[in-house]
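Order of the sequence lines fixes the chain letters, A, B, ..., with proteins taken first and strands second; residue numbering starts at 1 for each chain.
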Amino acid sequence: MSEINSSRRSFLKQGGALSAAGTVGAPWLLNLSAMADAAAATLTDDYKALVCVFLAGGNDACNTILPKLNEAPFPTTSKRRSSMQRYEEVRSQIALPAAQRALTISTPAGQHPIHPALQNVHRMYGEGKVAFVANVGNVFGKTDRSTPDLALPPRLRSHNDQQGFWQSGRMNSEPSGWGGRFAQQRSFNPTGLPIETRSNKPYADYFRSVIIGSNVPFGMGDANGTDVVRAYGLGAKGDGVIPLLKQTQDGKLFGAASQTLLRQVMRGQFKAPRANLLEQDYMDVQARALDTQAYLSDALKVIPDTSVPEDAQLTKDLLMVARVIRAHANAKGRQVFFVTLDQFDTHGNQNYKHPLLLAELDTALNRFQSALGNASGKVVTFTASDFGRLLHANGDGTDHAWGGHALVMGDAVVGKGGKSVIGTIPSYETDAAGNYVDPQMTGDGAMVPTISVQSYAGALGRWFGLDDATLTSVFNDGTASRLASSVGMPHADGAGVLKGLL
Amino acid sequence: MSHDHTIEQSTAHSSNQVASGDEGEAGLMTAGALAAAALALTACGGGDNNNDVSTSAALGGRAAPMATAITSTWPSWGVPDTAGAWRMANQATMGTTEGIVSQIKSLGYEAWLDAEMAKPAESHGHFLQFDSHCGTNSDGTPNINPSYWSTADYAKRADVAPAPLVGVGSIQRTGWLRFLAFSTWTHANRRPDQLRQRVVHALSQFLVASGKNDVVGFNPQMLSGYIDTLNQHAFGDYRTLIAAVVRSPAMGHYLSHFANQLPVFDGTVTDPTAPPPIKRIPDQNFGRELLQLFTIGLTKLSMDGSEILVNGKAVPTTTRDDIIVLSNVFTGWGYEWRDATVDADGTVFKLDVPYKFAGYYDAVNFTPNPATGLYHVDHNYDGKGAYAESPTGTTAAKTFEIWWMPNHRSRRQAAPMIGYTVFPDPLDPYAKAQNPNRQPVRIHSTDLLMAAQLKKASSAVTLLGKPFSLGATPEESMNKALKIIFEHQNLAPFVAKQMIQQLVTSNPSPAYVQRVATSFKTNQWSMRALIKAILLDNEARLASAAASVTYGRLREPFLRVTALLRGIGITNTNGGIYPAETSTISSDALYLNLNNAQFMAPSVFNDFSPTFKYVGGKMASKGKVSPQMQIATESSVIAYANAVYEIILRGLGQDDDVTNSGQSGYLNIAALVSGNPSASAMVGIINSRLFGGTMSSELKSLTQTAASGTAPIADRFRSALYIAMMSTEFIVQK
């Protein structure tokens, strides 16, 4: 597996390396990079977008990818169980029945069913546009269930801490995130884009990082940087822009005062500026919103609204992302996006909720990929989630665990069949004493991640065009040894070395 | 398990408080309606089967008992001036009125707080108001008993019918939630016990239960019961309040300790240190968030709220084993079993079998009978077969069954849960009658099983570092666990800091936190002491403290709008305010685009985090948090501007369930301009009502410009009011 060792630099120098790497099951980073993109894997004058679909609450990875099929069951006279036997036993009420195991993906270990709601995802997997990343999560370097607590990240299994960690990519859970820091590396080239007069920068720069929904760390840039990226918070309704006071007939407030007064107040254009910083921050957001209304409204005409069910929030959100992307994809620059699908915290009623959630994810991803049109080669979409959930059911639901499975979607993802599952899906097999054989399974049924969040993010960053030094700074939280162990973490088979995935 | 609370229950509702007029506000419901509703509600609100006297007294709608004498730790204050009184009212109510400012000025700060704390808690106010809507006939006449609609009635109510069950989003918004929105908005605006309303609002920001959860959202009466519970305990003690939160069905479903059961092993456990493989574990959700969000947080704190660092690292408060212990503690909770409802056709609806116990999904999960396609009801507690078809027996009716079933269930879904050691309860005559042969099985965990899950000897089990064993019942186990949790050093500073952030300022000084935490602890978790220590502190009261550039809190949009409605006054003084839920900005109805509502948080972490820092902003550059900035996005601030415009123009939604039909939450501007005030006089009115006279001269000038001109006077007033509302002087509470 020397290909893992071959850093991006040497890989890029050798034009033929990609195919060579591909033939021997290279680390997934390489698989992500289409040939055409590989040569452009720097911050040169092109366009790329990364889209994070956050499955908030902790997606149940055990029902997203199932244990491998066709493994001989063990006689139940002992405690020894195959993965599937164990799965069915400890998930009695919520195990997917055999009839729902028709969609499968291939790994060197065998065929694994995926959740039947993921039909479009499965089709795109077959087309080589979707890769699965197994057992990714928050760890410092190589870790298994015997790793002492002191060497583990803090506050595992806590929603907000693990969400914060996933998004910030730094162990100190900064208010900024790796998406924002990625975007910070590259502003828009002004050619052909409308320029804001006051800043002499393209309006598009407001949209280097876009969050659909409330402010979260992922899209926020480094506060200490010279060019701080603040995520633009976008709604996903109607024409995408919520126009200010569209409802007024004559442009006057209640037929009385001029709207100019309102804009003055919202922007905080006072002779005696307000001293309070909360007030200043709020006025600043209002000013950003007013600055960009006309531009965004114009830009989003790129794709007319298509019919979306009122309740299909993720589809709506992703179609909005597609419109923003298509408004900018012919320019030169970088964008990151963050959308959320909520309600994955399936402690109860999982049989009802989880299929609906995965179906919504599946539909939304499919429609998004189509809506990208000819920009599809410039966009990589990936999932993240707080954590996976315990294999052991609590009755009708599952509890917080650790590692989970993610998926990456885009034309830049290459590989079909056996090449599109990165990492190793843990085995649930138990020994004669009833203990898990795989050291990546804890006694209570959590997967111990074999791919760190930074490795995962770093691979995406390299596709985005960031070099190793930049990526190191993006993930550096001041603890060099931790950075080295987590960023450089190899994927499951342990063959990689530091930066192998970067 | 004790069932001797039946007697207590029969008296628990004898003192229903009719919302009394205050500041000219009429009661929420007529006395007759309340009495009728109370009769229909004999099972609600009791269920207090622990022997804790203060708990018993605080439940059941009686005024919370006066706590034992509170040790004052705060300064005495002289006669407040107008600005000072207005500032306190901003911190302590859902919206300042001129009347409250006068009261504070005449009574003084502390005496006004005492007077507010002496106002009795309303009994089941949210539940009754919610239920009264469920029971409104299609012709508009109130129909409180029976507490459900006929299918025919329901069919006519297309305006409130829930969306069809498609996709995940539909889980989140149903017509039923409108009834809850009616209740929360109306209470916030109209209840006379304003301090209590504000404290409940504050508590709701971190003791989160939300209608965006599917089960809770489909059964909002659970939330109405939960809000009533918070109301009852707002001036009691925090320990009792948390115990009531544990028992709340809303929380039971939201954080899933409802019907949680003991662990199951693949074989008999003899030696807990070497148990057979575990097959099913108890649900860990509630135990985890109880520690993390409701009581002590994740890292050890000093009394001043700052993290204790050892070698530069934060020290965790909990271990994974602590969570496992609590997952065993909170096993056995389910609805109370009495109060089976008999439908008109004689069908007995015993729908509240904790379905996890039975190991299958009943109709609440929308699982049709595979044979008939009809939704089924488990009449027999046996979790198998015995399908009862929906009442009319037709496929078309199944949808209705789903929707109106909650009304059959509503009483117990608002009443405290019961801790079952075994299930079904051997004392339950209904269960016995239905299935005499069914043997009760243990569902509350045992020390042996808990130890086996931990692979430790029972004697080695600890909770937060202290030896721990379960009690004989879920109730006893809960009390033993809460005792240890409340001994933790974090509890006082953790709760104190959050409450300060909710009431006064997002970035309290460590010394302020320490003073409040100390008072809270000294006074044995007295909420009265906590509130007084917060609101009577120098940092809350002194104008010089408020002058700091990082002082104050960005008001969440819900509080901005309640402040507007209360400050200016609304026309429908006898009615309520009836918007749909306001928690998103994607609604077509402009006035609903507040991106914020009560009890509609997207997750247990609320709409915004108390630790959120807005990167790139000036607060963050000073290392300060600004929690509400988390929901202030480029889209939401514009949506908010539009919403406020609509509210000033048209009110806050269609008031179609109140007799005096018309718009609800419609500002009574006509009354304010009837004397044909000059532009500067209009500014004076707005300044007095919304700013306590503290408007900056520049804002006065801008609003006066807005109030000038030749347009009709009411429009000029609206224009000025809008400018004032949109100013950050109003938006940021300082």
Side-chain angles (χ1 to χ4, degrees), chain A residues 79 89-90 154-155 158 160 175-176 214-215 220 223 228 230 232-235 237 242 244-245 253-257 261-262 265-266 270-272 274-283 285-286 288-289 309 311-313 342-343 347-349 352 356-357 360 392-397 399 434, chain B residues 166-170 214 256 261 276-277 279-285 292 298 316 356 365 549-550 552 554 585-586 602 605 613-620 626 629-635 637-639 641-642 645 698 702 705-706 709 711 715-716 718-719 722-723 726-728 731-732 734:
Chain A
K79 306 283 186 208
E89 189 170 270
V90 299
R155 299 185 285 282
S158 149
N160 50 351
S176 68
S214 296
N215 288 315
M220 300 292 183
V228 178
R230 287 155 70 179
Y232 192 96
L234 195 56
K237 177 70 182 173
I242 298 173
L244 181 66
L245 297 188
L253 306 176
F254 307 93
L261 269 180
L262 171 67
V265 168
M266 288 178 75
F270 300 124
K271 290 181 212 121
R274 302 296 303 165
N276 184 282
L277 301 184
L278 280 165
E279 291 190 47
Q280 289 187 23
D281 282 350
Y282 192 81
M283 287 186 288
V285 175
Q286 292 187 135
R288 281 164 58 88
D311 291 324
Q313 192 61 46
D342 215 329
Q343 310 285 327
H347 288 279
N349 211 358
Y352 172 67
L356 287 177
L357 290 163
E360 177 156 3
H392 297 231
N394 63 28
D396 67 344
D399 290 277
Chain B
V166 288
V168 171
S170 67
D214 55 355
S256 57
Q261 300 170 74
K279 288 173 73 176
R280 187 187 73 201
I281 63 169
D283 192 312
Q284 301 172 353
N285 200 14
Q292 180 174 341
L298 286 167
K356 249 185 202 175
N365 290 305
V549 295
T550 57
L554 184 66
I585 56 167
S586 61
F605 298 97
K613 289 180 181 169
Y614 182 60
V615 171
K618 291 184 173 154
M619 288 292 284
S626 41
M629 282 300 287
Q630 191 158 8
I631 54 170
T633 67
E634 285 77 1
S635 290
V637 296
I638 300 294
N642 292 340
Y645 189 91
E698 195 158 2
L702 289 165
T705 306
D715 288 336
R716 286 189 281 121
R718 289 189 181 96
S719 183
Y722 184 54
I723 291 297
M726 290 301 297
S727 72
T728 51
I731 289 171
V732 176
K734 291 183 289 293

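- Looking at Thr633(B), its side chain never comes within 3.5 Å of a backbone N or O of Leu234(A) through a donor-acceptor pair.
- In this structure, chain A has a heavy atom under 4.5 Å from the side chain of Val732(B), while its backbone stays farther away.
- Screening Val637(B), Ile731(B), Thr728(B) for a side chain to side chain contact (heavy atoms under 4.5 Å, CB included) with Met283(A), the sole residue that qualifies is Thr728(B).
- In this structure, chain B has a heavy atom under 4.5 Å from the side chain of Lys79(A), while its backbone stays farther away.
- The part of Gln280(A) that comes within reach of chain B is its side chain, from C-beta onward, which places non-hydrogen atoms under 4.5 angstrom from that chain.
- Considering only heavy atoms from C-beta on, Asn160(A) comes within 4.5 Å of Gln292(B) through its side chain.
- The backbone N or O of His347(A) lies less than 3.5 Å from no partner atom in the side chain of Asn285(B), so there is not a single donor-acceptor pair.
- Atom CG of Asp399(A) is separated from atom OG of Ser256(B) by 7.0 Å, given to the nearest 0.5 angstrom.
- Of the two parts of Ala272(A), the backbone and the side chain both hold a non-hydrogen atom closer than 4.5 Å to a non-hydrogen atom of chain B.
- Contact annotation for Glu698(B): only side-chain heavy atoms (C-beta onward) come within less than 4.5 Å of a heavy atom of chain A.
- In this structure, the portion of Pro282(B) lying under 4.5 Å from any heavy atom of chain A is its backbone and not its side chain.
- Counting heavy atoms from C-beta on, the side chains of Met629(B) and Val285(A) come closer than 4.5 Å.
- We find the NZ-CG distance between Lys618(B) and Asn276(A) to be 11.5 Å, quoted to the nearest 0.5 Å.
- Arg718(B) CZ to Leu253(A) CG: the interatomic distance, rounded to the nearest 0.5 Å, is 12.5 Å.
- Leu278(A) approaches Gly552(B) most closely through the heavy-atom pair CD1-O, 3.4 Å.
- Between Phe254(A) and Tyr645(B), the closest heavy-atom pair is N-OH, 2.8 Å.
- With contacts defined as side-chain heavy-atom distances shorter than 4.5 Å, the pair Leu262(A)/Met726(B) qualifies.
- Among Ile723(B), Leu554(B), Thr550(B), Ile638(B), the residue making the largest number of heavy-atom pairs under 4.5 Å with chain A is Ile638(B).
- Annotation for His392(A) and Lys279(B): closest pair ND1-O, 4.2 Å, computed over non-hydrogen atoms.
- The side-chain heavy atoms of Leu244(A) and Asn642(B), taken from C-beta on, include a pair separated by under 4.5 Å.
- When all heavy atoms are compared, the tightest approach of Ala257(A) to Ala706(B) is CB-CA, 3.6 Å.
- Within the model, atoms CG of Asn215(A) and CD of Glu634(B) stand 7.0 Å from one another, a figure rounded to the nearest 0.5 Å.
- Annotation: the span from Tyr614(B) atom OH to Met220(A) atom CE amounts to 5.5 Å, rounded to 0.5 Å.
- Scanning both residues, Tyr282(A) and Ala632(B), for their nearest heavy atoms gives CE1-CB, 3.9 Å.
- In terms of heavy atoms, Ala711(B) sits closest to Gly255(A) at CB-O, 3.7 Å.
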